[in-house]
Amino acid sequence: MTSKGIILSGLEGDRTWRLADYVQRGGYAALKKIIAENISADQVISEVKKSALRGRGGAGFPTGLKWSFMPRAFPGAKYLACNSDEGEPGTFKDRDILRYNPHSVIEGMIIAGYAMGCERGYNYIHGEIFEVYDRFEEALQEARDAGLLGKNILGSDFSFDLFAHHGYGAYICGEETALLESIEGKKGQPRFKPPFPASFGLYGKPTTINNTETFASIPYIIREGGDAFLALGKPNNGGTKLFSVSGHVNKPGNYEIPMGTPFSELLELAGGVRGGRKLKAVIPGGSSAPVLPGSVMMDCTMDYDSISKAGSMLGSGAVIVMDESTCMVKALERLSYFYFEESCGQCTPCREGTGWLYRVIHRIENGLGRSDDLDLLNSITTNIMGRTICALGDAASMPVQSFIKHFGDEFAFHIEHKKCLVPKDVQREGSKIYVA
Amino acid sequence: MLSSESLKKIDQEIAKYPLDQKQSASMSALRIAQEEKGWLANETIEFVAKYLEMPAIAVFEVASFYNMYDLAPVGAKKITVCTNLPCALSGGVDAAEYVKKKLGIDFNETTADGQFTLKEGECMGACGDAPVLLVNNHQMCSWMTEEKIDQLLADLKK
């Protein structure tokens, strides 16, 4: 964990998650400022807009704009939800935020509740990181005991309460409407949009859903100002961002760096490619983002605009690094199995299509590929994309299209020669149990 | 059917949601029930449904949708290994093979003495810690080398 940013910086010792430690680092100053100076909800939202903070969950939607969609004057309950259902292969940043700095998320959510007139919030935490869920519950209790949550926060007339809800093993619940269904105690199957959650969300009430890292960025923006946050990054890509680097690097982990930092610097921070091998490919934004050849990646900077220009997505900031010992067919086979396993089964193109994708890639990997299999794969993806309720179908298709686009030769070799370009022992050596 | 301690925990979960939205606690109620019973039998699911005033089928839908619930008996210790791509690049597959060899079972099997069940998991959100193992859903074990796996299995047998 290395930080040149605002969320994971200054975290020393093993009590950083405690309220007292957070307050010492300047925590809850933003909330206190809002209450003491009677800053209006509109002013809070305009500060967030100024910061150019974009949703850290993957879509990169401007946060201030999202907040302004909430019908604040709408009578009755309004809800806030935090998406900590981090299950996108390659992404593991929210776990560290919640483990080491949970109060930044709590403070961010209280401020968001204030800005949008919500009375209640839920933090939906990925089931597999249950220890983090337990810790978040403890942090919530600390905040309640200190009068930072509940009725009449800090003696004002603003009341807001916050609760933790855990997932229990379903990738799809990271999709915001599936997440709402799951909080309602149902199967996590995405809803049609429109209506959007801002008009029909949790329990049918106006709801805003943001990612953990997005909320954790809010206290800094209010404390130091939107301009200060923007200046940390680059125009239209405000702030610093956490990047989860995994795969064939010497030091996998989370790195919080300014938006716009060259990829080569991030790779260096992560200790470079393992065993002095050559960089082959990078998935820059979580498993759903198109893969890019290493050479293309080395010319990119880490921000929404640069990665999108190169033909991929910054997504959640999950950087999966693959070196020359990687068999791209095998890598894609594993990802396709994941989407097949995690499709919720609601839409036929995704439910059936992800199975087709996996089975065809599986047979190519196992020397049973047919000459027209690549055309077949492309045809399956175009029949899935845009024909489903949520983005999981697209997310399953984009890796397939991009792997074939950039590494088609390797797939063709597999089909023709019934084996891999990369010798098996080289693959094993590259991906064996790794001791940092 | 569930202990008073479990029911107390479920009541705490129900209190997190609006008064008329008891069903929101179904996920945590099933988790608490599974912690007590080891797995979710139909009668356990029916009991949870009755407690939350929900149709049994609605609770069963939840139990069968999320993959950390066990609808069949499992060993005293359930070990789940992540073999997804980021983990596979750093030894996740090796770790799974090693656990299989040590326990003498394949994925979705239980040892003859009923001690261990092995499962293959999907992304646990801890790719930087690969290889990652999860014990009984809640205890995450990071950077699992062969030595650490030996140690873990020895500790779990105690």
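Order of the sequence lines sets the chain letters (A, B, ...), proteins ahead of strands, with each chain counted from 1. Model, not experiment: these values are computed from the prediction.
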Which atoms of [X] are under 4.5 Å from chain A, going by heavy atoms: the side chain, the backbone, both sets, or neither?
{"X": "E147(B)", "result": "neither"}
{"X": "D20(B)", "result": "neither"}
{"X": "L85(B)", "result": "both"}
{"X": "A126(B)", "result": "both"}
{"X": "M54(B)", "result": "side chain"}
{"X": "S64(B)", "result": "neither"}
{"X": "Y98(B)", "result": "neither"}

Is a side-chain donor-acceptor pair under 3.5 Å present for [Y] with [X]?
{"X": "S288(A)", "Y": "E88(A)", "result": "yes"}
{"X": "Q34(B)", "Y": "E36(B)", "result": "no"}
{"X": "Y133(A)", "Y": "E137(A)", "result": "yes"}
{"X": "H248(A)", "Y": "R277(A)", "result": "no"}
{"X": "S84(A)", "Y": "D94(A)", "result": "no"}
{"X": "N42(B)", "Y": "E46(B)", "result": "no"}
{"X": "S182(A)", "Y": "Y66(B)", "result": "yes"}

When only pairs under 4.5 Å are counted, which of [options] shares the most heavy-atom pairs with chain A?
{"options": "E61(B), E146(B), M124(B), E122(B)", "answer": "E122(B)"}
{"options": "Q23(B), Q21(B), K16(B)", "answer": "K16(B)"}
{"options": "Q139(B), R31(B), M144(B), M140(B)", "answer": "R31(B)"}
{"options": "G92(B), P131(B), A88(B), C82(B)", "answer": "A88(B)"}
{"options": "P86(B), S28(B), A63(B), A130(B)", "answer": "P86(B)"}

With chain B as the partner, which of [options] has the greatest number of non-hydrogen pairs under 4.5 Å?
{"options": "S325(A), A164(A), G167(A), S287(A)", "value": "A164(A)"}
{"options": "G127(A), G430(A), A318(A), G253(A)", "value": "G127(A)"}
{"options": "G90(A), A170(A), G87(A)", "value": "G90(A)"}
{"options": "K186(A), R95(A), E333(A)", "value": "R95(A)"}

Ring-plane angle category for [X] and [Y], please: parallel below 30°, perpendicular beyond 60°, tilted otherwise.
{"X": "Y171(A)", "Y": "Y339(A)", "result": "perpendicular"}
{"X": "H165(A)", "Y": "Y124(A)", "result": "parallel"}
{"X": "F403(A)", "Y": "F407(A)", "result": "tilted"}

Please flag which part of [X] lies under 4.5 Å from any non-hydrogen atom of chain B: side chain, backbone, both or neither.
{"X": "S244(A)", "value": "neither"}
{"X": "K187(A)", "value": "both"}
{"X": "E86(A)", "value": "both"}
{"X": "C173(A)", "value": "side chain"}
{"X": "V249(A)", "value": "neither"}
{"X": "L332(A)", "value": "neither"}
{"X": "I320(A)", "value": "side chain"}
{"X": "I283(A)", "value": "side chain"}
{"X": "F163(A)", "value": "side chain"}
{"X": "H126(A)", "value": "side chain"}
{"X": "Y168(A)", "value": "both"}

- Task: Report yes if the distance between the aromatic ring centroids of Y17(B) and Y122(A) is under 6.0 Å, otherwise no.
- Result: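 Y17(B) vs Y122(A): aromatic centres under 6.0 Å.
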- Message: Taking the ring centre of each residue, are F243(A) and Y255(A) less than 6.0 Å apart?
- Response: no
- Item | Derivation and outcome, salt bridge (Lys or Arg N to Asp or Glu O under 4.0 Å), residues K100(B) and E97(B) | CA-CA 5 Å; K100(B) 281 182 194 172; E97(B) 289 304 319; 3.2 Å; yes
- Task: Tell me whether the guanidinium CZ or amine NZ of R274(A) lies under 6.0 angstrom from the six-membered ring centre of Y434(A) and within 45° of its axis.
- Result: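 Yes, R274(A) and Y434(A) form such a contact.
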- Is the side chain of K22(B) donor-acceptor paired with the backbone N or O of E53(B) at a distance under 3.5 Å, no angle test?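 Side chain of K22(B) to backbone of E53(B): no pair is present.
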- Should D155(B) and K158(B) count as an ion pair when the cut-off is N to O under 4.0 Å?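 Answer for the salt bridge query: yes.
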